Amino acid sequence: MKIPRCEYIPAYNRLVKKIYNYIPSWTIQGKKTTKSLRWIGQHISSPQNRLILGATALMSQPFIDLYNKRVDEETRKVSAARTVAKIIAGTLTGFTVRYLCILAVDKMTKPLNTKRLKNRKLQTFFTPKKLPHSMLKYKQALGTIISLAVMTVTNILIDAPLTQYLTNKFVHNEKEYEKFKEFQKNLIKNNQIMGGKNA
Amino acid sequence: MLKALSSQFNRIKNVISLKYGKDPGKMLIHTGVAGWIMSSAAQIIGIVFNDKISKEQKLFMIPQEAADATVNIVSFLLVTQTFKHIASEAMRTGKWIPKNIKDFLKKRGQIKNLGTKNFNVLKRLEKAKVGRRTLSKYQNVCNGIDVVATTTGSVISCNLITPAVRNVYASHSQKEMIARMENGKQKNKKTDAAFPYYVSLSDFKNHSSSLKI
């Protein structure tokens, strides 16, 4: 798959140049900052990225749906419930599948010169002949690519039904809560009337 | 046959190790776009094979889903790529530079034009004959900046821009759909009063707009 390169669009280039000129110079100081950046560069990959995306999505997307004044209130609530369900289902399956695929690739990418391998063919199945610049990055990349193929199946078998199930649950709970609120309101109203009469 | 397959597989492994072994940000963008395309394709296939959706609704929903996917992919690609591109450029030219590397280059007299377009930190480091360990540490910092920029870009595009644009588009489409159905209802009333067709929320419930993987 060839991803179109935005650098070929002149307007995009001009925009990038402008932004680049505006960003301030930064000398990365402090051992902690450098160490954290190094750690992120080595260890954060697609599963963690998906988890971060999911967590931030939970903090933003439902509110965008709830404050969408272009649709009626019921649609707003259903759409927010669906968004939350979609985020939970997508993040759970996305993170798990990516993590497991990377783990599997890790187990099957032992260096070719390792002695005493139980099943050499399987344990070196993904080991490349040319040693990559970073073995860890190679494993993460290959695991993520394999997880994409796995997710075409899990998307239909797990993601979609789980989203539907959670949406129904949230909408049902919302309706129950509305009923409870109505009941409470009526109770307070009745109590006030009764209190007035008693006085 | 098996030999040919095995050599193809080896070639794929080498391409992955060469392309993504150095650049984790690139891998996140490419797999992210592939993920979006595949999830949108799954959604469209889901609509095509859903018996509960009428043919007329399918004719509307499939282009809507395709448009939704386009918005998602374009915004993801543009925003995330821009963030990654700018961060990589800033690291390459030394506009953003770790203090120890800056001090090292200063000592070796290689600091001239730091932060300008023609400056290349890696080339200068090679010229200054930097140690392997320092070079590897510097590359890890670059990767870290790349991952942070890519993740920030994808959070902004997926969680702020896309839902806002999608909501505008979806509400517009919903209005159009209701208007179309109202027209259909009017026609139904005239032609067949025994089977009137009413618009309800359930018409929109049995399909999902977009599923992120």
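Here is the naming used below: chain letters follow the sequence lines, and residue numbers restart at 1 for every chain. No experiment lies behind these values; they were computed from the predicted model shown.
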State whether B:Arg92 and B:Glu89 are salt-bridged, where the test is any N-O pair (Lys NZ or Arg NE/NH1/NH2 against Asp/Glu carboxylate O) under 4.0 Å.
yes

Is A:Phe63 in contact with chain B via its backbone, its side chain, both, or neither, using a 4.5 Å heavy-atom distance?
neither

Using heavy-atom distances under 4.5 Å, tell me whether A:Thr93 contacts chain B through its side chain, its backbone, both, or neither.
neither

Are side-chain heavy atoms of A:Tyr20 and B:Thr93 found at a separation under 4.5 Å?
yes

Top contributor to chain A interface from B:Ile12, B:Asp146, B:Asn143 [non-hydrogen pairs under 4.5 Å]
B:Asn143

When B:Val168, B:Val148, B:Asn100 are compared by non-hydrogen pairs under 4.5 Å with chain A, the top option:
B:Val168

Report yes or no: does B:Thr134 contribute a side-chain atom to a donor-acceptor pair with the main-chain N or O of B:Val130 at less than 3.5 Å?
no

Note, B:Ile16 side chain near A:Ile145 side chain (heavy atom, < 4.5 Å):
yes

Partner chain A: residue of B:Cys142, B:Ala90, B:Gly94, B:Ser136 with the largest heavy-atom pair count (under 4.5 Å)
B:Ala90

Between A:Phe95 and chain B, with a heavy-atom cut-off of 4.5 Å, which part of the residue counts as in contact: side chain, backbone, both or neither?
neither

Using non-hydrogen atoms and a 4.5 Å limit, figure out which bit of A:Ala149 sits close to chain B: side chain, backbone, both or neither.
backbone

With a 4.5 Å heavy-atom cut-off, do A:Cys101 and A:Thr144 have their side chains touching?
no

Any side-chain heavy-atom pair of A:Pro128 and A:Leu142 under 4.5 Å
no

Heavy-atom proximity to chain A below 4.5 Å, by part of B:Ile145
both

Those residues at least two apart in sequence (or on a different chain) that pass side-chain contact (heavy atoms from CB on, under 4.5 Å) with A:Gln48 are A:Ile44, A:Ser45

side-chain contact (heavy atoms from CB on, under 4.5 Å) with A:Arg50: of A:Leu92, A:Val97, A:Thr91, only one passes, and it is A:Thr91

In terms of heavy-atom proximity below 4.5 Å to chain A, should B:Lys117 be classed as side chain, backbone, both, or neither?
side chain

Okay, A:Ile23 and chain B: the region with an atom under 4.5 Å from a heavy atom over there is both

B:Glu126: which residues meet the side-chain hydrogen bond (donor to acceptor under 3.5 Å, both in side chains) condition with it, sequence neighbours left out?
none

Examine whether an atom of A:Lys17 lies under 4.5 Å from a heavy atom of chain B, and if so say whether it belongs to the side chain, the backbone or both; otherwise answer neither.
side chain

Does any heavy atom of chain A fall under 4.5 Å from the side chain of B:Phe9, the backbone, both, or neither of them?
side chain

Let's test your reading of the structure: which of A:Arg38, A:Lys35, A:Lys137 forms the most heavy-atom pairs below 4.5 Å with chain B?
A:Arg38

